[in-house]
Structure formats: C-alpha cells, structure tokens
K.L.:
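I'd like to ask some things about the structure below.
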Amino acid sequence: MHKRFYLKAFGAMALLVGGLIAIGAACGGDDDGGNGNGGSGNADLDAIAAERGLTPEDMKHALQQFVPPGTYDDYVMFASGGHSGQVFAIGMPSMRILKAIAAFTPEPWQGYGYGSDLGNTVLAEGNPAIPEGTDLTWGDTHHPAISETSGEYDGRWLYINDRANGRLAMVDLTDWRTKQIVPVPNAQTSHGGMFVTPDSEYVHISSKFPMVWPAGSYADLTEYKDKYRGVSAWMKIDPNDGKINLAESFEIELPPYSQDLADSGKLISDGWGFIGSWNTEMATGGVGPDGAPNPLEAGASQNNFDFLHVINWKKAAEVAKTKGVETNGVPLISLEDAIAEGLIYLIPEPKSPHGADVDPTGRYIVVGGKLDPHVTVYDFTKIQDAIANKDYEGEDPFGIPILTFDSVMSGQVEVGAGPLHTQFDSQGHGYTSLFLANGIAKFTLGEDVVKNGEQPYTLIETVTTNYNIGHLATAEGDTVSPDDNYMVALNKWSIDRFAPQGPLHPQNEQLIDLKGGLGPMELIADMPMGIGEPHYAQIIKADKLNPIELYEPGTDPLTMEKSPYAIVGGEERIERNGNVVEVWMSATRSHYSPDIIRVKQGDTVKLHITNIEQTRDATHGFAVGMYNIQASLDAGETANFEFVADKSGAWNFYCTEFCSALHLEMAGWLLVEP
Ligand code: RUQ
Ligand code: CUA
C-alpha cells in the first residue's frame, strides 16, 4: 500500500524536481517552480525517492535546504546554548553546526578554561567583585546580540547575557572566541535585556529578578518593595575592539518588577529602549512548609496589566554625566532623577507579557502576553505625543508616569494561545511564536507599513511548530531591513520528532521558508540540538562575517596583538629563576620544542607555547596528563600556561589535535622530580 502511494507520487515528484532543476539551471532561481518538463535524471531521482520513502514534498524541502558539499551557507545563525553556557554557530539553510563557542563555561575541545590564559583569564575576569570570592565556571546564555552599524548587523562582535549571574560576554567574530566577560554591577540576574543600539554605542542588559541594594547587603523578602531594585544597564562598547568600557557605561535604577525582554529603538525611535516586565505585583512566592500557599506564578499573575518601560537612553547618557552616582564602578541614575529628567515612562501591557519587539521601521513595538491570546502593538509616534502632552493615566508606586493605554496602543491582533516573541519581515508583517498553540502566527502591522493590499492588524495565517516554541528568529531579523526568506522556530520540546534517546529529548530548531514574506510559511526541516538549550538566535548574512584565516605569527588572541612571549623557531628555551621554571616552546607538525621539561616538585611552571604554523587549520593541542591542562592552539597563536608542578612523576604531554600523520609522535615529557 505504501509502495503504491509512493509510485504514484513519484510521477508528480519527478515533474516537480525536473522542473526545479530546469529552472535552477536556466536562471539560478531558488524558488519553487510548479510545472516541470521532465528532463534527464528523473529515473534516478525516482529510484532514490522510492528507496528512501520520500514524498514529493520531502524532495522539495530537501532541495530548499540543500547546500552542496564544499559550498557555503548563505547565513549563519548564532544561537544561545542556554545552561550549556555557550553560543552555537549554525549554517543556514543547511542547519549544519559550525562551532560551539565557549562563553561562560569551560569548553574542552578548544581548551577554554583548562589551563591556558585565554579561557582562564576571561573566566576569572568575569567573576563579580561582590560577593567576594565568587568563582564562577558556569552561566546560562539567553539572548545574543550582534553588533550593528546604521541598524544593520555588521558582523564584528556578538554579545550574550548570562541569565543566572547577571553578566555579559563578548565574542570576537574575527576568530569566534570569547574575549571578555563583564559582571554587570548592581545586577544579580539578567534575562531579556540584551540588545545593541543601532550604531553599537551601547549593549543594553537589564536585570531579571531585582536584588537587594546596595549590592552585597541583605534584606528579607518582607522588604522587597523598599530594598530590592532592578537595573537598566547601558554598557559602553569600545568602537575599536568591541570590549565594554565600564567607566563610560551608565545604569538607571528600576522598580523591583521582573524586567523581561527588551529591544532597541531604531530609525524614528533611535535613542530609546523598551523593556517589558511582569510581576509588577512584586510577589515573592511562598509555597511549602515555610510559607502560605502563595506560589510566585499565582502572585505574579494578579494584575491585568504589567508595564512596558520606555527609556530615553540618549538623554540618559547625558544625564548620567552630571547626576550619575558612581556605584560599584558605574555611574548610576536614581529612579527619582530618571523620573524628574523625563528618562523613563511606563505603558500598561496586558496580562503577564513576555516579548517586546520593535519592528524594522522603529515605529511599532509588539508585546506578546503569555496569558492573553493577543499581541498588542504600540505606536512610537503616539508614545511621543503622550509624553509631550503628559497624557498619563496615573503613576506606579514609585512615581513613574504611566502613559494612557488607549492613547499609545495602535492595534491588537488575536494570534492564538501563548504569544511570546515577535520577529518581522520587510513586508509589514509580524511573526509571533505561540507557546501554547504550538505555532507561529503571521499578522499585519499598522497602516503605514502594511503592504500588498492587506488590512492592518489582521491575522494572515499560522504554521504549526513541534513543539513548545520559545523564540523565533528571522534572517537579519533585528535589523532595519530583515531578509524575507528564512525563519527558525526554536522549540523547547521535540517529543516524537527524533529517535528516542531516553527521557531527555533534543531541542528542535525548525527551518521555515517565508517566501519573500509573501507566504505561505512552509516548514522545511527539523534540526535536533542535543548540546544545549538554545533560547534566542540572531541570523546574519554569511558574507557580512569577516573572520581571519590565521593569526599573525605569535598573536595572543586575548589582545589580538603580538604576545610578549611569542617566539620564532630557534628561540625556544628553558630558564630557571629560583623555583620558577619558564619555558618558551614552539609547536609545529609534528613536534614540540623543547619536548622534555625537567622541574622539581613544587616549582611554578610558566609555559609559553607558540604554534609557529602559518597554514590554515594547522591547530595543535597541548595536554598534560594528571594536571587537567588542555588547550587548542591555532596557527599563529601564542598561549600561556602557569601551574605549580605539585605532583611528582614523569608526565606525558601530547598534542590533542590529530594534526598530521605523525600526530601520535607529537608528545613530550614533564619530569617532576620529587
Ligand atoms: S525568553 S526563558 Cu528569551 Cu522567551 Cu528566556
Ligand atoms: Cu599536533 Cu597532533
């Protein structure tokens, strides 16, 4: 019965595939062509499809996704890895994983955090000053933000937040390695606050749960309203190296709500930022033997409205210079000053909102309310009018003016159950993920951006996703000019989509074809992610990325400058100074020089290794058994290790990368004499 179906289907499929090939050959087109004209090779394709049990639809999807061996993807998706603490780079449309980039968590393959100074230094500098003695080797990545120029991704740097510890990491996209982790002062957790301003002036990060102020002090939850505070942090990006300059950053005190997803204004709303929130009830939970039956989820869902925070960051940057009070290394504007200076306003958002996303024109801000089947769209021009006219419907318990909902709301669309996050195309559409309804809804925005004869604020269609979608990302989606071809659904559950693997299933990233924004949305591929829990992703055109092929000889990747410890072949040496043994070593195919290091037990070993290769991909590893040391040294890189030789013995060190035919011979001895 199956056979008959397939055989029947293949006639149609052969025509379709034949047509696709013919069209591809004729015009390089990548769209689906319906009317095929047969052509050669169809018998082969039929046979393959029959053997593999593929339908014509499957064949079409395979062609839509296929990237031939040896050719490159059009896009790279940078996805967070959740509590893996990493960032994943994935080629699109092929959905091939290109790299796991270590950020907050030691990563063994590249040897990040296993003895060499790149990972060790970055991880150590990422430890917050308060509380003292904090030694973090784990983080929870959520929201990547690629640097921008004029509102377009420019492919230079990528920032990502640590949900757990209120930090951010900077990944240098010249070599796809993390170069800095910054603990955000006066914040303990962070969630949705990660975005870059349109010219990468600042990367914004806001707190998730408020913390006790001042940092390091203690207050019981009964003092939540008075002693706990949130923060909106504007971290200054150095335009030369992408690193954060804390002294030129600034922060604004926020009420102890749970600040949530946030987005940057752009074009007409450039200079402003928007932060959603929930738990304006300021509930603190309390279940179990200790408290009343008052779980946080119930306490935080009482109000019909929470607040979208509207922040004038360009003005705040000026105000910070005179009114900012240096607080743990960063100028902090008090809530009182922020209100007096007109830096902050609130807008009611219906029922436990989550996503807050600004459309490519900068005019519309779309908010999804987890417990409300609508998205609510606010109009920035109306917000400006309401601010100018002091059109307030009240103020919050902290004195922040609340703009009148009806004055700033532009439209609502019923999209389905559990709307979370919204992305956009350039055709005036929003795409909202529906966690509860398992899908993505496509709808139109306001009248000045709606196109193709469509009506504003109308649901156009939904596509099913599998399952429990969180974020979604469109190609170039957070820029002023999204591409209208690909969208990825980042699903939390996969249930029955992949071969069973025990109780834990992979996440499922699903590739959707948007067809130029003209639809219909077509789901074309599943991608299991069994190495982390991606939350958000940004998708950049691959040709905007400009990674180096090699390090200049003797480069320290941390500074991207020549290392003072770099050597060339012939300069290798070992020097002893008291109980410090310093080694300048070279690595090349297929040996280290020197390959015997003699020390006394208890000596401090300072090891500087230069990979003197200048051949693309000629990476060597360096691992010492029993010392937990492992690093990957890329061609041209100089890496430094420092350790105490506390275990006596004859310890073998070796190259962990299969670098050459004589890779096994690339080894040596660390002789630690008792
Ligand atoms: S959010 S749980 Cu990006 Cu929907 Cu983090
Ligand atoms: Cu060098 Cu293996």
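Counting starts at 1 for both ligands and their atoms, following the listed order.
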K.L.:
Please find the N/O/S atom of Glu657 nearest to atom 2 (Cu) of ligand 2 and write down its name.
P.N.:
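Atom 2 (Cu) of ligand 2 is closest to the Glu657 atom O, counting only N, O or S.
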
K.L.:
With heavy atoms only and a cut-off of under 4.0 Å, state how His143 meets ligand 1: side chain, backbone, both or neither.
P.N.:
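Just the side chain.
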
K.L.:
Any N/O/S atom, backbone or side chain, of His471 lying under 2.8 Å from atom 3 (Cu) of ligand 1?
P.N.:
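So His471 counts as coordinating atom 3 (Cu) of ligand 1, yes.
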
K.L.:
Between the side chains of Asp634 and Arg177, is the shortest nitrogen-to-carboxylate-oxygen separation below 4.0 Å, so that they form an ion pair?
P.N.:
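Judged by the 4.0 Å cut-off on N to carboxylate O distance, Arg177 and Asp634 do form a salt bridge.
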
K.L.:
Please say whether more than 12 non-hydrogen atoms of neighbouring residues, nucleotides or ligands are located less than 6.0 Å from OH in Tyr654.
P.N.:
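12 or below, so no.
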
K.L.:
Quick check on contacts: which atoms of ligand 1 are under 4.0 angstrom from a heavy atom of His354?
P.N.:
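Ligand 1 atoms under the 4.0 Å threshold to His354: 1 (S), 4 (Cu).
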
K.L.:
Give me the ring orientation class for Trp584 and His608: parallel if the planes are under 30° apart, tilted from 30 to 60°, perpendicular past 60°.
P.N.:
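If you compare the ring of Trp584 with that of His608, the planes turn out tilted.
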
K.L.:
Can you tell me which N/O/S atom of His421 has the shortest distance to atom 4 (Cu) of ligand 1?
P.N.:
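The His421 atom nearest to atom 4 (Cu) of ligand 1, restricting to N, O or S, is NE2.
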
K.L.:
Is any side-chain heavy atom of Phe78 closer than 4.5 Å to one of Leu173?
P.N.:
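Yes, close enough: below the 4.5 Å cut-off.
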
K.L.:
Hey, is atom 2 (Cu) of ligand 2 within less than 2.8 Å of some N/O/S atom on Cys659?
P.N.:
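For Cys659, the answer is yes, given that an N, O or S atom comes within less than 2.8 Å of atom 2 (Cu) of ligand 2.
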
K.L.:
Could you tell me whether Arg167 and Asp162 have a side-chain N and a carboxylate O separated by less than 4.0 Å?
P.N.:
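A salt bridge is present here (some side-chain N lies under 4.0 Å from a carboxylate O).
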
K.L.:
Using atom 2 (Cu) of ligand 2 as the vertex, how large is the angle between ND1 of His663 and SG of Cys655, rounded to 10 degrees?
P.N.:
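Answer comes to 120°, rounded to 10°.
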
K.L.:
Show me which atoms of ligand 1 lie under 4.0 Å from any heavy atom of His535.
P.N.:
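Taking each heavy atom of His535 in turn, ligand 1 has 2 (S), 5 (Cu) under 4.0 Å.
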
K.L.:
Answer yes or no: is there a side-chain heavy-atom contact under 4.5 Å between Tyr153 and Asp478?
P.N.:
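Yes, side chains in contact.
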
